[in-house]
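Right, one structure below, let's go through it.
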Amino acid sequence: MLDFDNVQAALEGLGATCDAAEAQGSLCGLLIDNVSLADWLGHTLEDLPDSSDVLAAERLGVLRELFERTYAQLQDEDLSLVLLLPDESDDFSVRLLGLANWCQGFLYGIGVTGKLSDENKDETLQECLSDLLEISKLSHDAEADDESEQQYIEIVEHVRIATLMLHETLNPVPVEQTLH
């Protein structure tokens with residue numbers, strides 16, 4: 001099962017300097033430029049492990065699964081992207097930090113692609129990027145209550161939709177031509 005804790009453990013075992021949320025955020029940003037698994041790993045890990053290391057290969061398998069699943073979700077017409085964030089059983093502050101890290105990773109990834117030029121930054125794209133930047137600065141020392149939990153859920157959904165919109169706008173799926 002691929003979840004935040006499994007990906008986090010794989011990243012830590014491979015010496016990554018980012019957490020699972022930031023890693024998937026950067027992956028989503030980089031996938032706007034259709035990067036390969038190797039390219040994403042190059043941005044995520046300091047060094048690739050020795051190919052003879054069985055434990056490292058298992059950990060890389062977890063990251064490969066995350067790459068493939070995220071790629072498929074971004075391509076899915078059903079808008080099925082699921083953000084990899086700490087579980088609701090984690091402290092609220094940990095979940096806020098995860099969301100902020102996810103947005104930081106996404107902004108890094110999209111910045112690295114070079115897909116953002118002045119001519120393709122319309123008002124909607126600017127607003128989405130501005131929102132993600134603000135969310136990346138979230139204070140993670142807030143107390144959990146019913147209202148803040150509801151706001152968190154709404155912000156996660158906003159980030160998810162903004163990511164899908166940015167991906168579709170900056171990396172449009174070619175329309176299939178039909179012959180009559």
Side-chain angles (χ1 to χ4, degrees), residues 1-32 40 43-45 59 62-63 65-113 116 121-171:
M1 178 176 176
L2 189 66
D3 64 12
F4 183 88
D5 292 333
N6 291 343
V7 174
Q8 185 65 33
L11 287 166
E12 287 173 3
L14 292 167
T17 58
C18 63
D19 72 359
E22 186 177 353
Q24 191 204 30
S26 70
L27 173 58
C28 287
L30 289 165
L31 282 173
I32 286 174
W40 173 60
H43 287 280
T44 306
L45 303 175
R59 291 172 176 150
V62 171
L63 298 184
E65 183 180 349
L66 175 63
F67 178 90
E68 291 169 356
R69 182 178 293 175
T70 302
Y71 178 83
Q73 289 174 352
L74 284 170
Q75 303 303 319
D76 191 3
E77 292 177 3
D78 293 336
L79 307 176
S80 64
L81 177 65
V82 176
L83 304 186
L84 188 64
L85 297 170
D87 191 86
E88 65 183 34
S89 65
D90 287 312
D91 287 340
F92 189 63
S93 61
V94 171
R95 291 185 290 142
L96 285 174
L97 179 60
L99 182 57
N101 287 346
W102 196 100
C103 291
Q104 288 172 12
F106 181 83
L107 293 168
Y108 166 79
I110 200 170
V112 168
T113 68
L116 294 176
K121 280 199 231 175
D122 66 15
E123 191 174 314
T124 305
L125 287 180
Q126 290 283 14
E127 187 176 325
C128 285
L129 292 169
S130 177
D131 288 351
L132 293 174
L133 180 60
E134 288 305 311
I135 294 166
S136 76
K137 299 175 189 176
L138 277 176
S139 170
H140 46 273
D141 59 0
E143 293 296 318
D145 59 27
D146 289 341
E147 183 180 346
S148 58
E149 287 284 349
Q150 184 59 39
Q151 289 173 341
Y152 173 81
I153 291 168
E154 291 171 7
I155 292 170
V156 168
E157 182 63 8
H158 179 73
V159 169
R160 189 180 81 77
I161 296 300
T163 300
L164 289 166
M165 195 210 67
L166 285 162
H167 186 269
E168 184 177 316
T169 302
L170 295 172
N171 190 18

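If you're wondering where the values come from, they're calculated on a predicted model, not measured in any experiment. In this chain, numbering begins with 1 at the start of the sequence shown.
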Exercise answer: donor-acceptor pairs, residues 5-14 side-chain atoms, under 3.5 Å, sequence neighbours excluded:
from	atom 1	to	atom 2	distance (Å)
N6	ND2	M1	O	2.2
N6	ND2	D3	OD1	3.3
Q8	OE1	A20	N	2.8
Q8	NE2	E12	OE2	2.9

Within this structure, what is the [atom1]-[atom2] distance for the pair [X] and [Y], rounded to the nearest 0.5 Å?
X: I153; Y: E88; atom1: CD1; atom2: CD; result: 8.0 Å
X: E68; Y: Q73; atom1: CD; atom2: CD; result: 12.0 Å
X: E157; Y: I161; atom1: CD; atom2: CD1; result: 4.5 Å
X: L31; Y: S26; atom1: CG; atom2: OG; result: 9.0 Å
X: H158; Y: L99; atom1: NE2; atom2: CG; result: 10.5 Å

Inspect the surroundings of CG in D146 and state if more than 12 heavy atoms from other residues, nucleotides or ligands are less than 6.0 Å away.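 12 or below, so no.
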Contact between V156 and W102 at the side-chain level, heavy atoms closer than 4.5 Å - yes or no?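 No, side chains not in contact.
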Would you check if T70 and Q24 make a side-chain contact, meaning some heavy-atom pair closer than 4.5 Å?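 In contact.
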So which heavy atom on G109 is nearest to which on L30, and how close?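 In this case the closest contact between G109 and L30 is O-CD2, 3.6 Å.
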If I compare all heavy atoms of D90 with all of R95, which pair ends up nearest, and what's the gap?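 Looking at all heavy atoms of both residues, the closest pair is O-NE, 3.4 Å.
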Taking only residues two or more places apart in sequence, or in another chain, which ones meet E127 in a side-chain hydrogen bond (donor to acceptor under 3.5 Å, both in side chains)?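 Expected list: none.
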With sequence neighbours excluded, residues passing ring-ring contact (aromatic ring centres under 6.0 Å, His included) with F4: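 With neighbours one apart ignored, the set is empty.
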